[in-house]
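We number each residue from 1, following the sequence as shown. Any value given below was found using the heavy atoms of this structure, including those in side chains, with hydrogens, waters and symmetry copies removed. Predicted, not measured: the structure shown is a model, and the values here were computed from it. Just so you know, ligand 1 is whichever comes first in the structure, and atom 1 is the first atom listed for that ligand.
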Amino acid sequence: MERPELLIPAGNLEKLRTALLYGADAVYVGVEGLSLRAHQAEFNMGELATGVREAHQKQVKVYAALNIFARDRDRQLIVQRAGELAEIGVDAVIVSDPGIVRLLRQNHPQLPLHLSTQANTTNAEAVRFWLEQGVRRIVLARELSLVEVAGIKAAVPEAELELFVHGAMCMAYSGRCLLSAALTGRSANRGECTHPCRWEYALVERTRPNEPLFLEEEAGYSYLLSSRDLRMIEYLPQILAAGVSSLKVEGRMKSAYYVAVVTRTYRWALDAACENLTGYACRPEWLAELDKVSNRGYTTGFYFGEPKDAALNPGHSYRQSHGLAGTVLRYDVPAQRILVELRNRLTAGDETELLLPEQTVPLDSTKMTDEEGKKLAEGHNSYRVYFPVPAGLEIPAGAVLRRRITGD
Ligand code: SF4
């Protein structure tokens, strides 16, 4: 069996480095002005060149998203950016728009193309069509079942297929949605979705506009249009058996903490599945890890057939029991301590953990000191503080510290 890659979102250079540290095989990034993510989740060309260099040093691939639905006015910028991406040496460009496919084939034929899930590829004939257009890999639509995915692979064995395994889902068909554009003037199809499907809505009877009916679930909320998040870690053997080459995590807008936790958890799970496909059992601690990052309740989406509950999310607003506390700047081995840049407020006594690629190390936050060695009752964003650490660890710069933020 081909060993599939673990593909992780990298919204900026810090997140790309986090993905490298915690075990990604490949990362995907946004390109300024031309990816389906807002500007804060895009790289400029200088940052991208640095990211590609660092990734390639670790044999990690970098795919650049150029997956807007383009207007004619975008043409010049697309061709220019594609030239820059070829020069930087990205491993592939992710596209959705047939016009962009054509433009890139004509102007930069050396650039491998991956077809974005936005292109809604749902059948073997469509896969063949895109291969004939020179596309190397197809990111299948999230609305397929695993039986259908396996059928496509059997029908077109030469196709390289990529599938989402974790992260947010859209209520619209793979993100083709005008809700955000209609309600806020910011278009999801230009990477500016304001996520109005995740807002709360009320029922209003036309003649009684001042008497909205709030549909409250047990938690006091009802997110009628919002979907739960995808989580397929329990079903990796089925994903691999379907013939998928790349397992993709959604979330270029998510935090470096999210990237750290999701990357290392899926790394552990995917390695275990590849070692022993038939004996694979998802470990409870992996599920617990995925509950410690922002999520809206989990679902298997469409992979086992049409979701009867439509994976709807009443009563599930975002949940998150832990958050980013800081990142390691340096490991002072002789003094057995780490210098950390805090990224949030941290109070002495807060439950704090150091996330290493292979293990989680509890830290005693009551022993947090400033750079002069004075004990701190509280630290804030951008403070540089020391924590003592146990002997015998390998602690890379960039490792993430988390703190518990709720009693969940
Ligand atoms: S509003 Fe919701 S369904 Fe529509 S594109 Fe945005 S996240 Fe997807």
Colleague: State which residues pass salt bridge (Lys or Arg N to Asp or Glu O under 4.0 Å) with Arg17; sequence neighbours excluded, sorted by chain then number.
Modeller: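 By the salt bridge (Lys or Arg N to Asp or Glu O under 4.0 Å) rule, Arg17 matches Glu54.
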
Colleague: Can you name the atoms of ligand 1, numbered from 1 with element, that are less than 4.0 Å from a heavy atom of Cys177?
Modeller: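 Once the distances to Cys177 are compared, the set is 1 (S), 3 (S), 4 (Fe), 5 (S).
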
Colleague: Got a sec, which residues hit side chain to side chain contact (heavy atoms under 4.5 Å, CB included) with Ala82, two or more places apart in sequence or on another chain?
Modeller: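 Applying side chain to side chain contact (heavy atoms under 4.5 Å, CB included) to Ala82 gives Leu104, His108, Leu111.
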
Colleague: Find out whether Glu162 and Ser245 are in side-chain contact, i.e. whether some heavy atom of one side chain is under 4.5 Å from a heavy atom of the other.
Modeller: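 Result no, sub-4.5 Å side-chain heavy-atom pair not found.
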
Colleague: Identify, by atom number and element, the atoms of ligand 1 in contact range of Arg198, meaning under 4.0 Å from any of its heavy atoms.
Modeller: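 In order of number, 7 (S).
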
Colleague: Strictly under 2.8 Å, is any N, O or S atom of Cys170 next to atom 4 (Fe) of ligand 1?
Modeller: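 No, Cys170 does not qualify, because none of its backbone or side-chain N, O or S atoms lies under 2.8 Å.
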
Colleague: Report, in ascending order of atom number, the atoms of ligand 1 lying under 4.0 Å from any heavy atom of His195.
Modeller: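 Matching atoms, with element in brackets: 7 (S).
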
Colleague: Going through the checks in order, is the salt bridge (Lys or Arg N to Asp or Glu O under 4.0 Å) test met by Arg402 and Glu351?
Modeller: CA-CA 8 Å; Arg402 72 176 166 205; Glu351 190 181 308; over 6 Å; no

